[in-house]
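Here's the structure, in structure tokens; my notes come after.
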Amino acid sequence: MKLIVGLGNFGKEYNHTRHNAGFDVVDKFAESLGENIEKEGFHSWYAKVTYWDETIYLLKPITYMNNSGLAVREIVDYFDIDIEDIIVVYDDLDIPLGQLKLKNEGGSAGHNGIKSIINHLGTQKFKRVRVGIGPKPQNVIDFVLSKPSKEDQEKLDKAFNNAVDALKISIKESFNKAMSIYNQKGEDE
């Protein structure tokens with residue numbers, strides 16, 4: 001059993017903003033399997049899907065970014081999901097726009113959603129798919145909560161599709177295999 005968590009903020013005003021990259025990726029993952037994320041529970045919208053005979057829960061916390069860990073902790077406890085079976089997808093200002101970086105574990109690097117998950121799980125040892133939305137501007141809050149330009153959205157859409165592919169490789173083969181492919185790709189590939 002796997003858990004894929006997409007981080008974002010709940011509410012129409014936040015739809016498709018840079019900070020909701022995680023929501024967009026898990027939505028695209030669900031859509032690629034002919035599913036929608038529409039059940040409410042665990043302080044989230046969630047769905048149960050199957051891919052390569054693996055049961056996967058897709059989770060979009062509706063606690064707002066800063067308290068995402070509450071939702072993650074609830075579903076992990078309820079289904080007894082192992083920490084090594086969690087993948088969190090989120091936006092990252094330190095990565096160039098449209099690029100992906102996958103990591104097996106690590107700190108929060110100032111991302112409040114990740115900080116909350118680390119606090120609620122009591123560990124940093126969960127996998128991450130970081131979607132580049134950088135470069136970091138002077139006014140970070142306005143930037144991450146704004147919608148990208150058409151040109152930037154095209155780069156993000158490509159990154160979202162790559163993230164879905166990376167998640168599928170993680171399930172079908174391994175997370176390390178996905179890292180070996182997507183940590184090498186540049187913005188224009």
Please tell me if the side chains of [X] and [Y] come closer than 4.5 Å, counting only heavy atoms from C-beta onward.
X    : Y    : answer
N67  : S116 : yes
I133 : D92  : no
K2   : T55  : no
F42  : D77  : no
D85  : L3   : no
I87  : S170 : yes
S44  : K60  : no
P61  : F23  : yes

Run the ring-centre check on H111 versus Y90 and record whether the distance is less than 6.0 Å.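 Here the rings of Y90 and H111 have centres that are less than 6.0 Å from each other.
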
Taking the ring centre of each residue, are Y14 and F10 less than 6.0 Å apart?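 No, ring centres 6.0 Å or more apart.
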
According to a 4.5 Å side-chain heavy-atom criterion applied to Ile, Leu, Val, Met, Phe, Trp and Tyr, with indirect links allowed, do [X] and [Y] form part of one hydrophobic cluster?
X    : Y    : answer
V26  : I75  : no
V144 : V89  : yes
W45  : V164 : yes
I4   : I114 : no
L70  : I117 : no

Can you find a side-chain donor-acceptor pair between N104 and N176 that sits under 3.5 Å?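 There is such a pair (donor and acceptor under 3.5 Å, judged by atom type) between the side chains of N104 and N176.
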
Distance-only side-chain donor-acceptor flag, S32 / K168, under 3.5 Å: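 Yes.
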
Nearest heavy-atom neighbours spanning [X] and [Y]:
X    : Y    : result
L58  : A30  : CD1-CB, 3.7 Å
N36  : A47  : O-CB, 3.6 Å
K103 : E105 : CE-O, 3.1 Å
A163 : L100 : N-CD1, 3.5 Å

Nearest-0.5 Å distance, [atom1] of residue [X] to [atom2] of residue [Y]:
X    : Y    : atom1 : atom2 : answer
Q124 : I118 : CD    : CD1   : 4.5 Å
I169 : M179 : CD1   : CE    : 12.5 Å
K127 : L167 : NZ    : CG    : 12.0 Å
N9   : S68  : CG    : OG    : 7.5 Å
F29  : N161 : CZ    : CG    : 13.0 Å
Y182 : Q99  : OH    : CD    : 13.5 Å

Just by distance, do the side chain of [X] and the backbone of [Y] share a donor-acceptor pair under 3.5 Å?
X    : Y    : value
N139 : D142 : yes
T50  : D53  : no
E54  : M1   : yes
K147 : N15  : yes
T123 : K125 : yes
R130 : R128 : no

Atom CD of E151: over 12 foreign heavy atoms under 6.0 Å: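 Counting neighbours around CD of E151, 12 or fewer heavy atoms of other residues, nucleotides or ligands fall under 6.0 Å, so no.
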
I'd like to know if D91 pairs up with R18 as an ion pair, taking the criterion as any Lys NZ or Arg NE/NH1/NH2 lying under 4.0 Å from an Asp or Glu carboxylate oxygen.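 No, no charged N to carboxylate O under 4.0 Å.
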
Lys/Arg cation over aromatic F160: K28, 6.0 Å, 45° cone: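 Because its charged atom misses either the 6.0 Å distance or the 45° angle limit, K28 does not stack over F160.
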
Holding to side chain to side chain donor-acceptor pair (under 3.5 Å), I want the full list of residues that pass it with K101, two or more places apart in sequence or in another chain.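 Listed in chain order: nothing, the list is empty.
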
Identify, with sequence neighbours excluded, every residue that meets ring pair (Phe, Tyr, Trp, His ring centres under 6.0 Å) alongside Y57.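 Per chain and number, Y57 pairs via ring pair (Phe, Tyr, Trp, His ring centres under 6.0 Å) with F79.
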
